[in-house]
Enquirer: 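The following block contains the structure, expressed as structure tokens.
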Amino acid sequence: MPTFTVFKGAEDGKPKKSTTTKPDKLEGDNVLLRVTASGVCGTDLHYGTSSADHRLHQQLTQDMVLGHEGVGVVEDVGPDVKFLRKGQRVGWGYETNSCGHCMECLQGEETFCPDRVMYGSPQTRDQGSFGTSAVWREAFLFPIPDSLSDADAAPLQCGGATVFTALQGIRSGETVGVMGVGGLGHLAIQFAAKMGCRVVVISGSERKKQQAMALGAHEFIAAAGERDGKLETKSPINRLLVTTSAQPKWDTILPLLAPRSQVYPLSVSEGNFEFPYMGMLAKGVHIQGSIVANRYVHREMLDFAAFHEIKPIIEKFPMTEEGVAAALDRLEKGQVTYRAVLMAQ
């Protein structure tokens, strides 16, 4: 039976090296992968610790393998695998299985399947992208375009797919607002700009202005520097992607929004979503919940990123107990620019 190294969350917040064992014989469309790179996502902090700031997932931290932004090489395939071949590079993200038969699955919206299997689900807590190997269904693996390196492709599996999903249906020429220039935000700027949109970035200070403009932003608003807390934009925002860890002061953001605009809250946060009620009614603002990409959008995102040479800004760490700890620690402190990536040793 193949046994491989994995890195698990723990109550003290320090990742622990462990092992996972899988059956010798692969069944169905299962694929054995050798992990080459893994992105480190903010969700890994929620599942990887049991501190007061991460109560949402305290019950899941014990004995759970971390990571869901994986890239690897196919080493073996099950009898029902039809398209993947040994030696091929593939990636996977937050969702790794669904029933395939419900109305959501039949419409290509398997992320809303009642039997979906996602990161943190009981069925998959023995493996993740923080490890040397993993076994996943072919149906939820995505070929990596040749022009994307393993390190660059890894953060796209969740961070890239998340913002790309929120940009579906946008029209060239519309204005996209991106709140926050971080792990999600710096990718959203690139995608929106390459889609032909005017990109307005809203950040707390001027510190990241030069970087945002270099990534494709057309306008930069430093919220803390505005007089009387009043924000202004040259182009009202048709779609706003909120990538900050905390909700903004919506009464200051509302004047920036165009009539019938859409707001996509993308960060994981506890508590309720609060928005000015009358302002929402008067402007016809849509508050749109969004979850990880379905498989069609995920694959389209990888092709789009490869064609337009969209790449994350990354910091690399070794895929070791010390490397995982260092990456999570820097992420927790907000010191990563902009995505941490664990590399196989």
Side-chain angles (χ1 to χ4, degrees), residues 1-8 15 17-24 26-41 43-44 64-78 80-97 117-119 121 123-161 292-293 295 298-299 301-303 305-306 311-312 314 316-321 323-324 327 339-345:
M1 301 180 78
T3 298
F4 48 86
T5 299
V6 293
F7 299 95
K8 298 181 176 181
K17 182 178 179 180
S18 186
T19 58
T20 288
T21 300
K22 292 291 185 180
D24 283 326
L26 293 172
E27 298 180 347
D29 70 342
N30 283 339
V31 177
L32 173 64
L33 303 172
R34 172 173 53 83
V35 179
T36 56
S38 172
V40 182
C41 180
T43 312
D44 297 319
M64 174 179 160
V65 181
L66 301 176
H68 58 278
E69 291 185 334
V71 173
V73 176
V74 175
E75 291 205 317
D76 198 7
V77 298
D80 295 337
V81 170
K82 297 178 180 178
F83 304 105
L84 297 181
R85 63 186 186 278
K86 293 181 182 180
Q88 187 171 357
R89 293 190 310 145
V90 296
W92 73 94
Y94 207 85
E95 184 178 24
T96 53
N97 206 351
V117 176
M118 292 189 170
Y119 180 52
S121 296
Q123 303 96 312
T124 61
R125 289 176 59 190
D126 66 334
Q127 61 175 353
S129 57
F130 291 12
T132 56
S133 296
V135 177
W136 303 112
R137 287 191 60 201
E138 178 190 39
F140 288 83
L141 295 173
F142 307 96
I144 302 298
D146 292 339
S147 62
L148 288 175
S149 70
D150 293 354
D152 288 334
L156 297 178
Q157 306 307 313
C158 179
V292 294
R295 288 174 290 175
H298 193 128
R299 187 161 182 171
M301 177 274 301
L302 289 172
D303 290 340
K311 296 179 180 180
I314 62 174
K316 295 180 181 179
F317 298 82
M319 186 84 76
T320 62
E321 194 170 70
V324 173
R339 302 291 291 192
V341 178
L342 301 169
M343 303 299 297
Q345 300 300 292

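Note that the structure is predicted; figures quoted are calculated from it, not measured.
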Enquirer: Rounded to the nearest 0.5 Å, how far does OG of S18 lie from CD of E321?
Expert: 10.0 Å

Enquirer: Given 3.5 Å as the limit, does a donor-acceptor pair link the side chain of T36 with the main chain of V71, or not?
Expert: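 Side chain of T36 to backbone of V71: a pair is present.
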
Enquirer: Taking Y119 as the fixed residue, which of L66, T124, V292 is the one that meets the side chain to side chain contact (heavy atoms under 4.5 Å, CB included) rule?
Expert: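 For Y119, the side chain to side chain contact (heavy atoms under 4.5 Å, CB included) test succeeds with only one of L66, T124, V292, which is L66.
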
Enquirer: Looking at every non-hydrogen atom in both residues, tell me the closest pair between N97 and R137 and how far apart they are.
Expert: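 Smallest heavy-atom distance, with atoms named: OD1-NH1, 2.7 Å.
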
Enquirer: Does R295 make a cation-pi contact with F142, if we ask for NZ or CZ under 6.0 Å from the ring centre and within 45° of the axis?
Expert: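 No, R295 does not lie over the aromatic ring of F142.
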
Enquirer: Please lay out, stage by stage, how V40 and F317 fare under the test side-chain contact (heavy atoms from CB on, under 4.5 Å).
Expert: CA-CA 10 Å; V40 182; F317 298 82; 6.0 Å; no

Enquirer: For G67, is there any backbone N or O sitting under 3.5 Å from a side-chain donor or acceptor partner on D44?
Expert: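 Judged by distance alone, yes, a pair lies under 3.5 Å.
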
Enquirer: Rounded to the nearest 0.5 Å, what separation is found between the CG atom of D80 and the CG atom of L26?
Expert: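 Here the rounded value is 11.0 Å.
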
Enquirer: Is it true that a side-chain atom of Q88 and a backbone atom of P143 form a donor plus acceptor pair closer than 3.5 Å?
Expert: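 Not at all, since once roles are kept as given, no pair shorter than 3.5 Å links the two residues.
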
Enquirer: Under the side-chain contact (heavy atoms from CB on, under 4.5 Å) criterion, do V74 and L141 qualify, and how do the steps go?
Expert: CA-CA 10 Å; V74 175; L141 295 173; 5.7 Å; no

Enquirer: Apply side-chain contact (heavy atoms from CB on, under 4.5 Å) to residues Q157 and I144 and explain how you reach the verdict.
Expert: CA-CA 10 Å; Q157 306 307 313; I144 302 298; 3.7 Å; yes

Enquirer: Looking only at non-hydrogen atoms, find the nearest pair between G70 and S129 and report the distance.
Expert: CA-CB, 3.6 Å

Enquirer: Donor-acceptor check, side chain of R89 to backbone of L148, threshold 3.5 angstrom: yes or no?
Expert: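 Answer holds: yes.
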
Enquirer: What heavy-atom pair brings H68 and T43 nearest, and what distance separates the two atoms?
Expert: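 Between these two residues, the closest heavy atoms are CE1-CB, 3.9 Å.
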
Enquirer: Closest heavy-atom contact between V65 and F130?
Expert: CG1-O, 3.7 Å

Enquirer: Could you measure the distance from the CZ atom of F4 to the OG1 atom of T20? Nearest 0.5 Å is fine.
Expert: 5.0 Å

Enquirer: Just do the side-chain contact (heavy atoms from CB on, under 4.5 Å) check on V35 and T132 with the steps written out, would you?
Expert: CA-CA 5 Å; V35 179; T132 56; 5.9 Å; no

Enquirer: Please find the pair of heavy atoms, one from G39 and one from A154, that lie closest to each other, and give the distance.
Expert: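 Nearest heavy atoms, G39 then A154: N-CB, 3.5 Å.
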
Enquirer: What are the two closest non-hydrogen atoms of V341 and P155, and how far apart are they?
Expert: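 That closest heavy-atom pairing would be CG2-CG, 3.6 Å.
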
Enquirer: Quick one: CE on M319 to CD on Q345, what's the gap to the nearest 0.5 Å?
Expert: 8.5 Å

Enquirer: Hey, could you give me the CD/OG1 distance between Q127 and T96, rounded to the nearest 0.5 Å?
Expert: 7.5 Å

Enquirer: State the CD-CH2 distance between E69 and W92, to the nearest 0.5 angstrom.
Expert: 11.0 Å

